[in-house]
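Hydrogens, waters and symmetry mates play no part in the numbers below; they use all other heavy atoms, side chains included. Counting from 1, the numbers follow the sequence of the chain as shown. Note that this is a predicted model, so its numbers are computed, not measured.
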Amino acid sequence: MGLFTPAQARIELDRLRPVLRELVVVRADLVELSAALTPGGEPTALGGLPERKAAEARLNELMTEIQQTGAELKGVAPLLVDFPADLDGVPVLLCWLEGEEALSWYHRADLGFAGRRRLP
């Protein structure tokens, strides 16, 4: 897996959107199923332990699918996806956060999310 240009990362993000949407649904189902399985938890129409295990397996499949593109899944709640890149000779991560319409941010690899800046 190599580096992404901003254009390539945007194309890959668009290709990943169905995967990311499903991940959000599975994430919510997993939380609800887990809560239902705790002592005194509110039962859910989603099922029980077998469905929770299935949701965990599907979540892992979706996370793997994202990682196989060369993107880095940095967070699941909220979703945070980074695309390794190089801007003017500086190693950066093109950064997309759940809820953002477009890939418009980056941060230096050594600064992390707190160093986020708008793409030029």
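To the nearest 0.5 Å, atom CZ of residue Arg52 and atom CG of residue Leu59 are 11.0 Å apart. With rounding to the nearest 0.5 Å, the separation of CG in Leu79 from CG in Leu23 is 5.0 Å. Between the CG atom of Leu20 and the CZ atom of Arg17 there is a distance of 7.5 Å, given to the nearest 0.5 Å. Note that the CD atom of Glu61 and the CD atom of Glu22 stand 8.5 Å from one another [nearest 0.5 Å]. Rounding to the nearest 0.5 angstrom, the gap separating the CD atom in Glu72 from the CD atom in Gln67 is 7.0 Å. With values rounded to the nearest 0.5 angstrom, Glu12 atom CD is found 13.0 Å from Trp96 atom CH2.
Side-chain N or O atoms of Arg10 include none that pairs as donor or acceptor with a backbone N or O of Ala102 at under 3.5 Å.
With sequence neighbours left out, Tyr106 forms a ring pair (Phe, Tyr, Trp, His ring centres under 6.0 Å) with no residue at all. Arg118 pairs by the side-chain contact (heavy atoms from CB on, under 4.5 Å) definition with Ser104, Trp105, not counting sequence neighbours. Scored by the side-chain contact (heavy atoms from CB on, under 4.5 Å) test, Ala85 finds Val92, Leu94 as partners (sequence neighbours excluded).
Residue pairs meeting the salt bridge (Lys or Arg N to Asp or Glu O under 4.0 Å) criterion with at least one member in residues 77-87, sequence neighbours excluded, are Lys74-Asp82. Sorted by first then second residue, the ring-ring contact (aromatic ring centres under 6.0 Å, His included) pairs that include residues 34-55, not counting sequence neighbours, number zero. The list of salt bridge (Lys or Arg N to Asp or Glu O under 4.0 Å) pairs with a residue in residues 87-107, not counting sequence neighbours, reads Arg27-Glu98, Glu100-Arg116. For residues 40-49, the set of pairs meeting the salt bridge (Lys or Arg N to Asp or Glu O under 4.0 Å) definition, not counting sequence neighbours, is empty. Within the structure, ring-ring contact (aromatic ring centres under 6.0 Å, His included) contacts touching residues 9-42 (residues at least two apart or in different chains) do not occur. Pairs of residues two or more places apart, or lying in two chains, that qualify as ring-ring contact (aromatic ring centres under 6.0 Å, His included) and include a residue from residues 61-88 are Phe4-Phe83.
Hydrophobic clustering of Ile, Leu, Val, Met, Phe, Trp and Tyr side chains at less than 4.5 Å, counting indirect connections, keeps Leu16 apart from Leu3. One hydrophobic cluster, built from ILVMFWY side chains closer than 4.5 Å, cannot hold both Leu93 and Leu111; they sit in different ones. Linking ILVMFWY side-chain heavy atoms closer than 4.5 Å, directly or via other members, places Leu73 and Val31 in two distinct hydrophobic clusters.
Between Glu56 and Lys53, no side-chain nitrogen of the basic residue sits less than 4.0 Å from a carboxylate oxygen of the acidic one, so the salt-bridge criterion is not met.
Clustering of Ile, Leu, Val, Met, Phe, Trp and Tyr by side-chain heavy atoms under 4.5 Å joins Leu33 with Leu46. Counting Ile, Leu, Val, Met, Phe, Trp and Tyr side chains that sit under 4.5 Å apart, directly or through other members, Leu80 shares a hydrophobic cluster with Leu97, Phe113. Leu49 belongs to a hydrophobic cluster with Leu37, counting contacts under 4.5 Å between side-chain heavy atoms of Ile, Leu, Val, Met, Phe, Trp and Tyr, direct or through other members.
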Before giving the answer on side-chain contact (heavy atoms from CB on, under 4.5 Å), spell out for Leu119 and Leu87 the whole-Å C-alpha distance, their side-chain angles and the decisive distance to 0.1 Å.
CA-CA 10 Å; Leu119 278 167; Leu87 290 180; 3.9 Å; yes

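Nearest heavy-atom pair, Pro18 versus Arg15, reported as atom, atom and distance to 0.1 Å: CD-O, 3.4 Å. Here the closest non-hydrogen pair linking Gly70 and Pro84 is O-CD, 3.5 Å.
Val25 has its side chain out of reach of Arg21: every pair of non-hydrogen atoms, C-beta onward, lies at least 4.5 Å apart.
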